[in-house]
Amino acid sequence: MSNAFATLGLGAGAQRAIAARDYVEPTAVQREAIPAVLAGRDVWACAQTGSGKTAAFALPIIQRCALLPAGAALQALVLVPTRELAQQVAAVCEDFAREATRALKVVSAFGGVSINPQMMALRGGADIVVATPGRLLDLIEHNALRLDEVHTLVLDEADRLFDLGFAEELARVLTGLPVRRQNLLFSATFPEAVHALAEQLLHDPLRIDVPDSVDTTPRITQRAIAVDRARRTPLLRHLIEHEAWPRTLVFTATRYSTEHVADKLRRAGLSATALHGELSQAARAQALEDFKRGRVKILIATDLAARGIDIVELPAVVNYDLPRSTDDYLHRIGRTGRAGASGVAVSFICADNAAHFALIEKRHGLTLTHEVISGFEVTDSAPPPAPGNGGIKGKRPSKKDKLREAAARRFVWPKAPL
Ligand code: AMP
């Protein structure tokens, strides 16, 4: 293997783990973060999913944990927003830990499932815990683990921790940690709450700003296709067949629409399944497993359910419904074009959400040609700008409402294929 990783200060154990995963070169965030983490520094990293951020913190943390003698106390705590991410990050840590110079125990903990197996897993202690904040607090209340010897804290996808309403739980966890510790903060975006947390949490951090992989990486081709709302499913079928995508991840806005679209595709003879938050944990795991193993070719998911999906070689992501927030757009399209693979991210633009897409484009500095596919020409017309405040009745227009209105006024709906 290349010794590019060795120059970062990683030892033989980490290098075996890297070789087993066929990583040749460190990614940008790994190049910067690994030496800093090994040196015990705090890190403030702006890095997307797909940047290789998990290995950027997992490899050096495991190396450091293995240097300390085995004990029952928890050494490193990784907080993540969702159960899928908890499982995924824990799996990566376990994988790397297998090659460590001393056997390390990694436990994942997340809500929505019985707490008992997690309590059992923590018996006798753990070196590294990867957890969602709510379940972590439950486990502490049950005396299943203590935080008083944690020397490294990782906040992974910190922006999502706030988006998903974990601010209070996070604050409670922080008060239970030793004052002297290493803090690593990874986030795709830095809204005010995350920025404030970073300022408070981090001491003399190394700032890592991995260029926005979406804007600058040619590996992800972004496309916008204008289509009538009612014709989206036939267009989806058409694209899957004509572009011969071996695997497609489709985002819709609601649980109902995931089921509805999956159902229609299945009736057309395609292999599709839905993934949403109201499925049982077992059904979600099954849907993901089927998709990962190629038993199902099309996965129709909501944003929440799709968090943390990590499938190398995911060639196509389709925004059947546009994401609500501009940041979710990045999270979604970051599912494709991962670490060396190439991918396409297609957004369906309908007359009534064109203004919203214009905002997404503006936010990310994009100017995509709005394609029209032959046989799917647009007949719907754009709705007039909302009268009055354009927001919720009785509410003053928010900054976002005003931006949306302004975008709606500027937007010109394409009349013919460009
Ligand atoms: P992450 O951003 O941590 O979710 O990682 C995204 C994907 O990149 C995962 O599938 C990793 O296994 C893969 N990956 C991470 N580091 C490297 C590397 N240095 N070379 C190739 N693939 C990598």
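Read the numbers this way: they start at 1 and go in the same order the structure lists the ligands and their atoms.
- Counting heavy atoms from C-beta outward, Glu99 and Ile18 have side chains that stay 4.5 Å or more apart.
- For the pair Thr248/Leu239, no side-chain contact is recorded, criterion being any heavy-atom separation below 4.5 Å from C-beta on.
- Counting the atoms of ligand 1 from 1 in the order shown, those under 4.0 Å from a heavy atom of Glu25 are 18 (C), 19 (N), 20 (N).
- Counting the atoms of ligand 1 from 1 in the order shown, those under 4.0 Å from a heavy atom of Thr54 are 1 (P), 3 (O), 4 (O).
- The shortest N/O to N/O separation between Gly52 and ligand 1 falls below 3.5 Å.
- For ligand 1, the atoms lying closer than 4.0 Å to a non-hydrogen atom of Phe5 are 19 (N).
- Between Gly50 and ligand 1, a contact under 3.5 Å exists for at least one N or O pair.
- Those atoms of ligand 1 with a heavy atom of Arg21 less than 4.0 angstrom away are 12 (O).
- Between Tyr329 and Glu361, the closest side-chain pair of non-hydrogen atoms is not below 4.5 Å.
- Inter-residue side-chain proximity for Met119 and Leu139 is flagged as met; some heavy-atom pair is nearer than 4.5 Å.
- Residue-environment remark: CZ (Arg123) stays at or below the threshold of 12 foreign heavy atoms within 6.0 Å.
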